[in-house]
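To start, the structure itself, in structure tokens.
Order of listing sets the numbers, starting from 1, for every ligand and every atom in it. None of the values given here were measured: they were computed from a predicted structure.
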Amino acid sequence: MLHAERQLQRRNTLRLRSRAAALSVIDSPADLERALVEARQSGLPVLPLGEGSNVVLAEELAAHVLLLRLRGCRWLDRRGLLRVAAGESWHPLVAWTVACGWRGLENLALIPGTVGAAPVQNIGAYGRELAPFVHAVHAVRIADGEPVTLSRAACRFGYRDSIFKHALRDRVVITAVDLQLSRDLPLEVSYPGLRDRLPAAIEAITPQAVFDAVVALRRGKLPDPLREPNAGSFFKNPVVSLEQAEALQAACPGLPVFEAGEGRRKLAAGWLIEQAGWKGIEREGIAVHPRHALVLVNRGGDSAARVLALAAAIAESVRARFGVELEIEPRCYGSGP
Ligand code: FAD
Ligand code: NAP
């Protein structure tokens, strides 16, 4: 139903001042159908919003925002196939599946946001990503309200990437995700910080222990958006050619470099930003977090323009110093990229 309250500042984790031209809360498939008809009639573009933890919202948004609140979760079989509605919160889902003895999602604990947004970014952390656990994604086409189902292959998942950022960008509203969990999947504990918090004997490590270790690590390292408004990592880790990575490593001892497919290497964006001298710097009420250079924090700046101005200055200095392009991770609406 169309909502009179169109302010979005409490609905994005960066707490940026923003107002939508129209806003509908989507509690049911009928709400979604109605809102899409209204958006078509008004000619406004549709902007599906979950918990707003991966967006940068401009002050005035010429969009019809759909707040996805679709709830529900049910087993489709006894072998770990689970259908979860788009508006469910991600972290409680992970906690519940792990407590029930299902494996797969334990490394993805404490990632903010909704289930419906998780395939958009192919959320990932500590060496795991969502993609291998997606059986199907259910959505509705914005243009005509028709339902569509995408297999995992059709989602074209990549590193923090999917078809929902490309061919289906702004074309569908995800309504549910089918997840295939497992009882016996080997655990992924190769990230050094994670391995150090777990028992030395690999047989002694349980999915619950991995979940607990990830939660503890994240609580110790990442700013809580409720106290320090942020959108997580503001830049993606750049993936460059092997040659460029080797040249950079020779010039900058200590640069963390990781495998990223044949002939490709991933660089730690946080390290580049810190070396360029940005850690802890604040401009116009937007700061580079003093403990985590990849996270921009709103300390009263409150505007997308200020966040993007700081991001542009950071990207420019990393380009000048290392010759590496940084790409913004959150989706920017109404301004910027
Ligand atoms: P929103 O921010 O509301 O939306 C993000 C994008 O998805 C928008 O383009 C929106 O239009 C689209 N979208 C949302 N819902 C739907 C839908 N139902 N249908 C179609 N499109 C939709 N990400 C990681 O990958 N790994 C991490 O470890 C991680 N850690 C984070 C830590 C912090 C402190 C924060 C603030 C963010 C972190 N993130 C991380 C980013 C973020 O949590 C994820 O991208 C999350 O999936 C976003 O969910 P959301 O519901 O908040 O999406
Ligand atoms: P970290 O452990 O300090 O590591 C720094 C970077 O090095 C990470 O970005 C990670 O890449 C990479 N890395 C470390 N060990 C690696 C390994 N063994 N193999 C491949 N890459 C490795 O990172 P952090 O910032 O504290 O975050 C921990 C995890 O949570 C990371 O996976 C990160 O992606 C995730 N996270 C994501 C967000 C977000 O908003 N997207 C926010 C907070 C945390 P990857 O990022 O590719 O894993």
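- At a 4.0 Å heavy-atom cut-off, ligand 2 does not touch Asn54 at all.
- Between Pro48 and ligand 1, at least one N/O pair is under 3.5 Å apart.
- In terms of polar-atom proximity, defined here as any N/O pair under 3.5 Å, Glu329 makes no such contact with ligand 1.
- When non-hydrogen atoms are compared, ligand 2 lies under 4.0 Å from neither the backbone nor the side chain of Glu259.
- Here Phe234 and His289 keep their ring centres 6.0 angstrom or further from each other.
- Taking any N or O of Tyr333, backbone or side chain, at least one lies under 3.5 Å from an N or O belonging to ligand 1.
- Contacts classified as salt bridge (Lys or Arg N to Asp or Glu O under 4.0 Å) and involving residues 42-65 (residues at least two apart or in different chains) are given here: Arg17-Glu59, Arg19-Glu60.
- At a threshold of 4.0 Å, the pair Asp27-Arg69 does not count as salt-bridged, since none of the basic side-chain nitrogens sits closer than that to a carboxylate oxygen.
- Of the candidates Leu168, Leu49, Asn54, Ile26, Asn54 brings a heavy atom nearest to atom 41 (C) of ligand 1.
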Can you check salt bridge (charged side-chain N to carboxylate O under 4.0 Å, His left out) on Asp170 and Arg331, steps first, answer last? CA-CA 11 Å; Asp170 299 329; Arg331 173 88 187 265; 3.0 Å; yes

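- Every atom of ligand 2 is numbered from 1 in the order shown, and the set under 4.0 Å from a heavy atom of His292 is 24 (P), 25 (O), 26 (O).
- The N/O atoms of Leu68, backbone and side chain alike, include none that comes under 3.5 Å of an N/O atom in ligand 1.
- When ring centroids are compared, Trp75 and Trp96 come within the 6.0 Å threshold.
- Remark: ligand 1 and Ala125 share no N or O pair separated by less than 3.5 Å (distance only, no angle test).
- Distances below 4.0 Å separate heavy atoms of Gly232 from the following atoms of ligand 2: 40 (O).
- Between Ile111 and ligand 1, no N or O atom pair is found at a separation short of 3.5 Å.
- Residue Ser233 has at least one heavy-atom neighbour below 4.0 Å for each of these atoms of ligand 2: 37 (C), 38 (C), 39 (C), 40 (O), 41 (N), 42 (C), 43 (C).
- The closest approach between a heavy atom of Trp90 and any atom of ligand 1 is not below 4.0 Å.
- Heavy-atom distances between Glu129 and ligand 1 stay at or above 4.0 Å for every pair.
- A heavy-atom separation below 4.0 Å is found between Leu222 and ligand 2.
- With respect to Glu259 and Arg264, no salt bridge is recorded, no charged nitrogen being found less than 4.0 Å from a carboxylate O.
- Among all non-hydrogen protein atoms, the one lying nearest atom 47 (O) of ligand 1 is Ile123 CG2, 3.3 Å.
- Geometrically, ligand 1 and Gly113 share no nitrogen or oxygen pair separated by less than 3.5 Å.
- Here the protein heavy atom with the shortest distance to atom 1 (P) of ligand 2 is Lys221 NZ, 3.5 Å.
- For ligand 2, the atoms closer than 4.0 angstrom to any heavy atom of Glu329 are 39 (C), 40 (O), 41 (N).
- Residue contact annotation: Lys236 has no non-hydrogen atom under 4.0 Å from ligand 2.
- Looking at Ala139, Ser53, Pro223 and measuring to atom 52 (O) of ligand 1, the nearest heavy atom belongs to Ser53.
- Among Phe258, Phe234, Trp271, Tyr126, the residue whose heavy atom lies closest to atom 32 (O) of ligand 2 is Tyr126.
- Residue pairs that meet the salt bridge (Lys or Arg N to Asp or Glu O under 4.0 Å) test with at least one member in residues 228-245, sequence neighbours left out, are Lys236-Glu327.
- Taking a 4.0 Å cut-off on heavy atoms, Val172 registers as neighbouring ligand 1.
- When the heavy atoms of Tyr159, Phe235, Tyr191 are ranked by distance to atom 15 (N) of ligand 2, first place goes to Tyr191.
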